[in-house]
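To find a chain, count down the sequence lines: A is the first, B the second, and so on, and within it residues start at 1.
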There are 2 protein chains.
Amino acid sequence: MGPLDGYLPYLLNRAGARIAMAFSDEVRPLGSTLQIWRVLAALRERDGRRMGDLSETISIEVSTLTRLVDGMEKKGLVARRRDAADARAVTLHVTPAGRRMTRIILPIAERYEKVAIEGFSEAEVMVLKTALRRLFDNMDGLRKS
Amino acid sequence: MGPLDGYLPYLLNRAGARIAMAFSDEVRPLGSTLQIWRVLAALRERDGRRMGDLSETISIEVSTLTRLVDGMEKKGLVARRRDAADARAVTLHVTPAGRRMTRIILPIAERYEKVAIEGFSEAEVMVLKTALRRLFDNMDGLRKS
DNA sequence: CGTATTTATTTGTATTTACAAATAAATACG
DNA sequence: CGTATTTATTTGTAAATACAAATAAATACG
C-alpha cells in the first residue's frame, strides 16, 4: 500500500471508474450506455429539465450533453421542447420508449447500489454518502472563490 | 433532495468529477493534465512500472495509456524502456523533467486532499477511505464472477 | 424604445478515449 | 524442437469529449 492508497482523489476515481466500467458493460447489450442512463435517471427524478440543469446535475459538459441528447432523441428515448417561459431554454422529456428503457435499467442500477455497499453497516453507508455530499460541497466552494 | 442524492454511484461520480475538474483547471496552466499527473504519481510511488500495471493502477485503458505516454515522452517527462526480463513488456521511467513536474504538482495535489476533507473528523476520513477501498474490492469481485 | 449585456444552447473542431485488430515475445506442450 | 496459445503492448478507427465561437433569446438600462 503506497502513498496512492491513502490519497482520497485517487480512491474516489478508482472506485468510480470500477463501478462505471462494470455498469457500462452491463447496459451496453441493452442498447444503452452509462451516460444515457444518467440522463434518464435525472429525468426520472424530474422530467422536463433544462439542458443546463441536466448538465449540472449529472456532471456532463453541456456541449457534450447536447450531442448525447441528439443521439437519445434519434433513439426516441427523449424529446426536446422549447421552454414556454423562456425561449432560449430547451426542456427535455422522456418518451414512452425512454420510460421503458428506464424500467429495464432501474433494477440493474439498484443491484449495483447493493453490490457496491455489500458488507457495509447502515451507519457506514450513511457516513459514506454524507461524506461524498460534503466533499462535493467543499469542492464547489473552492470553485467560486 | 431527490432519489439521485441517495444513489451511491451518483454521489461518487459527482464528487470525483468535481475534484477532477478543479484539479485539471489548476494544472493545465502548468503544462500538465490530470491524466499526466496520474501517471507521474504512480511512477512516484514506484518507478519503472509496466504499462499494464500502470493502466490497472490508475484506471486508464491501456490503449489510451499508450498514447498518453507518447505525449509524455514527447514532453520529456518519462522514458520507455524495454523490460530486460521480458521483452514483451515496456517499463516507464520518470526523467529529471518529470521529477521537476512532480515536484511542482505534488503540493497542489496535497492541497486538494486537504480541501476535499475540510470539516471532516479524522474518524470520518478513515471511514470514507476504508469504504472507498472496500467498494472498489466489491466491484472487483463482481468482475471476476 | 433601442442598444448592450447576459444567459441558454448549439456547432466547429481538435483532442481524448475505447474497442478491436495487429504485432511481437514468452510459455505450453505435442 | 516446433507449433499453438497466451501475454504485453501498440495501432486502426470510430465515438465521446471539451473548449471556444456562434446563435438566439431575455434582461438591463440609457
Does anything in residues 62-71 of chain A come within less than 4.0 Å of DNA chain C? Heavy atoms only, and list the residues if so.
A:Val62, A:Ser63, A:Thr66, A:Arg67
Can you see whether A:Asp70 engages A:Thr66 through a side-chain donor-acceptor pair at a distance of less than 3.5 angstrom?
no
Per the 3.5 Å Watson-Crick/G-U criterion and a run length of at least three, the stems involving DNA chain D are C:1-30 with D:1-30
Just to verify, what does B:Ser32 make a side-chain contact (heavy atoms from CB on, under 4.5 Å) with, not counting sequence neighbours?
B:Val27, B:Ile36, B:Met101, B:Ile105
Taking the side chain as everything from C-beta on, heavy atoms only, tell me whether A:Leu43 gets closer than 4.5 Å to A:Leu54.
yes
Taking only residues two or more places apart in sequence, or in another chain, which ones meet B:Arg133 in a side chain to side chain donor-acceptor pair (under 3.5 Å)?
none
Members of residues 30-46 of chain B that approach DNA chain C, where some heavy atom sits under 4.0 Å away:
B:Gln35
Got a second to check how far A:Met21's CE is from A:Ile19's CD1, nearest 0.5 Å?
11.5 Å
With rounding to the nearest 0.5 angstrom, report the CD to OH distance, A:Glu113 to B:Tyr7.
6.5 Å
Quick one, B:Tyr112 with A:Met139, criterion side chain to side chain contact (heavy atoms under 4.5 Å, CB included). Give me CA distance, side-chain angles, the key distance, then yes/no.
CA-CA 9 Å; B:Tyr112 268 76; A:Met139 299 318 297; 3.4 Å; yes
Positions of residues 72-94 of chain A (non-hydrogen atom under 4.0 Å from DNA chain C), listed by number:
A:Arg80, A:Arg88, A:Ala89, A:Val90
Sorted by chain and residue number, the side chain to side chain donor-acceptor pair (under 3.5 Å) partners of B:Thr102 (sequence neighbours excluded) come out as none
Outermost contacting nts on DNA chain D, any atom under 4.0 Å from chain A heavy atoms, listed 5' then 3', are D:dT17 to D:dA26
Quick one: CG on A:Asp53 to CD1 on A:Ile58, what's the gap to the nearest 0.5 Å?
9.5 Å
Would a 4.5 Å heavy-atom cut-off, applied to side chains only, mark B:Glu73 and B:Leu77 as touching?
no
Would you call B:Met72 and B:Leu40 a side-chain contact if the rule is heavy atoms closer than 4.5 Å?
yes
Which comes earlier along DNA chain C counting from the 5' end, the contact point of A:Asp25 or that of A:Asp53, where each point is its nearest nucleotide?
A:Asp53
side-chain contact (heavy atoms from CB on, under 4.5 Å) partners of A:Ala89, counting only residues at least two apart:
A:Arg50, A:Asp83
Could you list the residues that satisfy side-chain contact (heavy atoms from CB on, under 4.5 Å) with B:Glu45, not counting sequence neighbours?
A:Pro3, A:Leu4, B:Arg49
Partner residues of B:Asp25 under the side chain to side chain donor-acceptor pair (under 3.5 Å) criterion, sequence neighbours left out:
none
Taking only residues two or more places apart in sequence or in another chain, which ones pass side chain to side chain donor-acceptor pair (under 3.5 Å) with A:Arg88?
A:Asp86
